[in-house]
2 protein chains.
Amino acid sequence: MARSYLERDDLIPQLAEIFRRYGYEGASIGVISKETGAGRSSLYHFFPGGKEEMADAVLAQISDWFEDNVFVPLKEKPAEQALPEMAAAIEAYFHSGQRICLVGAFALDEVRNRFSERIEGYFARWCEALTQCLQEGARSQTEARQEAISTLAAIQGGIILARASGNDMAFQSAVAAALARAQRM
Amino acid sequence: MARSYLERDDLIPQLAEIFRRYGYEGASIGVISKETGAGRSSLYHFFPGGKEEMADAVLAQISDWFEDNVFVPLKEKPAEQALPEMAAAIEAYFHSGQRICLVGAFALDEVRNRFSERIEGYFARWCEALTQCLQEGARSQTEARQEAISTLAAIQGGIILARASGNDMAFQSAVAAALARAQRM
DNA sequence: TTTAATGTGTAACGATTGGTTCATAATGAA
DNA sequence: TTCATTATGAACCAATCGTTACACATTAAA
């Protein structure tokens, strides 16, 4: 039988896109209600903590997705397989830079302070997984970590450049160059 | 004699820091008034267009600063001099990544649409100046442009990582690596 | 000293903010 | 069918939003 009630988990991907589009401050409860089609009372029913709980749930969901689809593969698969897979995954996830990284955007915003643990954890875990992957070769850990940082910066910066220019090329070019560097060891 | 009235130009650097700190949506007129010490009427006296005009003036001021202190040197000086100068300038300007790039932050935000010309122009001119500088060597224009994009992405991404981790090292490492690559030609 | 221009404080505007209340409606298990 | 649980719509709250109006201060030039 068809479900006739909304569920909390169904809301989260929608909330993610709304926060991406409007930012944390710009996404008012009114906007969220209109865009999701859920009434105010429903939203507060699922997220008694209000907007802050909504954003936290979104960040948690994003973290989980990256854990399963990016971080774990990086740590478990050989580099020559894991790196192209990561490239494909983020190319698809970020829509060639036109879909922003919510965690990165929050890091630049004032809300960074409210979600600092989630933000810090996301990048720390990504950096750690990538470092471990790159260390597979002859590199020192220091070298591998620096390469990992450069790669993550290229991805985040690539998104900014792509959004600023309206041109996917900046993202693709920055990411491709970074991954080629990472792969060559 | 000391000036007893506020002037528009004195407000702009303060406004810039406020937008950096709170974001465009988060920087309410009330906050701006309190932080600058200027009354609402003074703010609207200097910026009849309201908050949008304030942000536009800030972006214009930032653009001018980079034009004079970064873009022109990149185009006029030899690469081996211009690149370290750019490195020093941005290291100081962005406080090792702890001071965000307002243009980059706006590019990720919904306000991007309102200031698209300014945002696009800022990165396009920076990219062009850097490309011209890098092309000085034996590189093709395509190669130089790709290196320029990678360098700008490293800077913007470095800021995000530094803010996310609270650690300057991510910025310094990403930028140093990018500039070492750019220099080596 | 007058005058016009420019800057500022106070108060208010209607609209919207995040958040709450509560009666009602839909649900699945007993 | 009963019943407790869960979901929802509508109205509401005080606070704040961006913006405006207007009287009053201050200024530099006449």
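All values reported here derive from a predicted model rather than from experimental measurement. Residue numbers start from 1 in every chain, and the chains themselves are labelled A, B, ... in the order their sequence lines are given, proteins ahead of strands.
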Calculate, to the nearest 0.5 Å, the distance between atoms CG and CD belonging to A:Leu102 and A:Glu17 respectively. 9.0 Å
Nearest-Å distance for atom pair CZ/C1', residues A:Arg114 and C:dG18: 11 Å
Pull out every residue in residues 26-35 of chain A that has a heavy atom closer than 4.0 Å to any atom of DNA chain D, ordered by number, or say none. none
Grab the N/O contacts between the protein and nucleotides 21-23 of chain C below 3.5 Å, and write none if there aren't any.
none

Figure out the CG/P separation between A:Asp10 and D:dA7, and round it to whole Å. 11 Å
Nearest to side-chain heavy atoms of B:Ser42, which nucleotide of D:dT8, C:dG19, C:dT8: C:dT8
In terms of ring plane angle, is the pair B:Phe66 and B:Phe71 parallel, tilted or perpendicular, where the classes change at 30° and 60°? tilted
Do other residues, nucleotides or ligands put more than 12 heavy atoms under 6.0 Å from B:Gln98 CD? yes
Please find the pair of heavy atoms, one from B:Pro73 and one from B:Glu85, that lie closest to each other, and give the distance. CB-OE1, 4.3 Å
How far does CD of B:Gln146 sit from CD of A:Gln172, to the nearest 0.5 angstrom? 11.5 Å
What's the spacing between A:Leu161 CG and A:Met169 CE if we round to 0.5 Å? 9.5 Å
For residues 46-58 of chain B, which residues have at least one heavy atom under 4.0 Å from DNA chain D? B:Gly50, B:Lys51
Closer than 4.0 angstrom, basic N to acidic O: yes or no for A:Arg8 and A:Glu53? yes
Rounded to the nearest 0.5 Å, what separates atom CD in A:Glu128 from atom CZ in A:Phe123? 15.0 Å
Rounding to 0.5 Å, atoms CD (A:Glu91) and CE (A:Met86) come to a distance of 12.5 Å
Could you check B:Ile62 against B:Tyr93 for side-chain contact (heavy atoms from CB on, under 4.5 Å), going step by step and ending with a plain yes or no? CA-CA 11 Å; B:Ile62 291 172; B:Tyr93 184 85; 3.9 Å; yes
Distance check, rounded to the nearest 0.5 Å: A:Glu67 atom CD versus A:Trp126 atom CH2? 12.5 Å
How close or far is atom C1' of D:dT8 from atom NE2 of A:His45, stated in whole angstroms? 9 Å
If I take atom CD in residue A:Glu7 and atom P in nucleotide D:dA7, what distance separates them, rounded to the nearest angstrom? 8 Å
Could you tell me how far apart B:Tyr44 (OH) and C:dT8 (C1') are, to the nearest whole angstrom? 16 Å
